[in-house]
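Quick note on labels: first sequence line is chain A, next is B, and so on, each numbered from 1.
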Amino acid sequence: MIEAGKPATKLKSEALQVLFERGLVHQCTDLEALDAKLSAGPVTAYAGFDATASSLHVGHLMPLMSMRWLQKLGHKPIMVLGGGTSQVGDPSFRNEARPMLEQRQIAANIAGIRRSVERLIDLSPEGGALIVDNADWLTEFKFLEFLRDFGPHFTVNRMMTFDSVRSRLDNQMPLTVLEFCYMMLQAVDFLELSRRHDCTLQVGGSDQWGNIVNGVELGRKGDGRQLFGLTVPLITTANGAKMGKTAAGAVWLHPEHLSPFAFWQFWRNTADADVPRFLRLFTELPIREVERLSMLEGIERNEAKKILATQVTAIVHGAEAARHALEQGDTLFSESWEEAEPTHRLASLRLATGMGLLDLLTELGFATSNSDARRLVEGGGVRLNGSVIQDPRRTLAIGDLAAGERLSLAVGRRKKALVAFE
RNA sequence: GGAGGAGUGCCCGAGUGGCUAAAGGGGACGGACUGUAAAUCCGUUGGCUAAGCCUACGUUGGUUCGAAUCCAACCUCCUCCA
């Protein structure tokens, strides 16, 4: 096992060179052998995503970026949707069992995740990529058969040594058999993929190390094959916080959970200190360009942030959406932002019946509840058509519309909306 | 199996009958300052049909005019003993 921040030896394969250069490597089960294999020819690699929510979020971007690089460099990605494993729930580094997911919920979540995955990976026949669902094989096993086929390759002793379950055991928190067996399922996934698709590499988050190693060991004991595991680092922001949380919740990849513009904004608001690293990790700009942008200081760093935001948004939501978000950002944060293109459209009928300012704030996602909106207003954080409104009972009427049948609303310095009524 | 201790808001943590929607800190959000950054200072931080009401201190019951605080049972965790 290799702990990798920087490779100890010179790498032969372009794939690993790029992944290291990008900061996408944390640990590898056998760096040298993997390097040799990757430089010898195309390798099939997989990354798995469980159906814990109906959308992926920025945390999932790291393995996704790794898979994109691998595909670009001639290797074959397999994206595994966890329709089977989600029925169990990964206990890794969690102090409590996950709530059991209903079948219907899993199916709905898988559908949402699939949409993002399809965007991020080239699924054209030339791309060689595949999307599969591990329910396809995991649901087929009969219990005794499963135990007899795979059980002998796992020892409870070994399973209990993994850090991912260690703290649960040490703290004497209950770890159910259901959860404990999760690592077997993920190991079987890897074995199955190696048999079906000649997949020999698994990429995952650093919290997946234990699960991945189990798969690698199963490959060796079961089929006498050498499989490889590679983990991406856990990203925290310069402030030490886990990346990807905002007041509104996780930063989702699915456009229905978070608009492409809001997504763009998230990246635009990156702290200065994080910009170089994020450019490396989350864009595909040539490393030279990344370095150039990283040199920018002071106000100029804002340009780097815009490029970062636009690049990541292009990858996740498409070039068109990214360009649009950039334009919106540029006009919305310029002097004449109140003349820009509307960000939201509502029926003018709603003004006739009297629309509460607080309701609008909540509806636009600027406040999480009526009370939250009220606090913002009373605290002087809300501007309607340029002037601060502190009366929470304020309602909006036709008279509030400026030119173009619209009104502008800003919360703080970062959140701005132009609402058109038509 | 026995003895003792603990479970509080997003997180940590005070609170041992009414003055407690609950000290303090962290985080988050808003204001000032700025560059849609950081740092600093100030404010806010359960919900609603909002000067009123509702829900909340592991769960369920009970005592009381009144409970996060007292009692009982249960669940979970921690420490020590076997």
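With respect to A/Glu284 and A/Lys72, a salt bridge is recorded, a charged nitrogen being found less than 4.0 Å from a carboxylate O. Salt-bridge annotation for A/Asp272 and A/Lys305: present, with a side-chain N of the basic residue lying under 4.0 Å from a carboxylate O of the acidic one. Look at A/Arg383 and A/Glu338 and you find no salt bridge, because none of the NZ, NE, NH1 or NH2 atoms lies under 4.0 Å from a carboxylate O.
Not a single donor-acceptor contact under 3.5 angstrom links the side-chain atoms of A/Arg393 to the base of B/A50.
Relative to the six-membered ring of A/Trp337, A/Lys416 meets both conditions, a distance below 6.0 Å and an angle of at most 45° to the axis.
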So which protein nitrogen or oxygen atoms get under 3.5 Å of nucleotides 45-47 of chain B's nitrogens or oxygens?
residue, atom, partner, partner atom, Å
B/G47, OP1, A/Ser369, OG, 2.8
B/G47, OP2, A/Arg375, NH2, 2.4

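When distances run from any side-chain atom of A/Asn302 to the nucleotides B/A38, B/U36, B/G35, the shortest one goes to B/G35. If you check B/A37, B/G30, B/G35 against the side chain of A/Arg413, the one that comes closest is B/A37. The listed nucleotides are B/C29, B/U36, B/A38; the one nearest the side chain of A/Lys415 is B/C29. The side chain of A/Asp272 has B/G35 as its nearest neighbour among B/U36, B/G35, B/G30.
The partner of B/A56, taking Watson-Crick or G-U wobble pairs whose two distances both stay under 3.5 Å, does not exist in any strand shown. The base-pairing partner of B/G24, taking Watson-Crick or G-U wobble contacts with both distances under 3.5 Å, is B/C12. Using Watson-Crick or G-U wobble geometry with both donor-acceptor distances under 3.5 Å, B/A37 finds no partner in any strand shown. Under the Watson-Crick and G-U wobble criteria, each requiring two contacts below 3.5 Å, nucleotide B/C70 is paired to B/G62. The partner of B/G1 is B/C81, judged by Watson-Crick or G-U wobble contacts that both fall below 3.5 Å. Under the Watson-Crick or G-U wobble criterion, with both distances below 3.5 Å, B/A6 is paired with B/U76.
In this structure, the side chain to side chain contact (heavy atoms under 4.5 Å, CB included) partners of A/Lys76, at least two apart in sequence or on a different chain, are A/Thr44.
Distance noted for atom C1' between B/G24 and B/U8: 14 Å (whole Å). With both ends at atom P, the span from B/G30 to B/A23 equals 23 Å, rounded to whole Å. Between B/A21 and B/U34, the distance separating the two C1' atoms is 36 Å to the nearest Å. Distance check on atom P: B/C10 versus B/A22 gives 15 Å, rounded to whole Å.
The residue among A/Arg414 and A/Asp359 whose nearest nucleotide of RNA chain B lies closer to the 5′ end is A/Arg414.
The residue A/Gln265 sits close to a base: some heavy atom pair falls under 4.0 Å. A/Lys305 comes within 4.0 angstrom of a base, heavy atoms only.
Using cut-offs of 30° and 60° on the angle between ring planes, the pair A/Phe261 and A/Trp264 is parallel.
Atom CG in A/Asn269 sits about 13 Å away from atom P in B/A28, given to the nearest Å.
Ring-centre distance between A/Phe150 and A/Phe146: below the 6.0 Å cut-off. Aromatic pair A/Phe162/A/Trp209: ring centres not closer than 6.0 Å.
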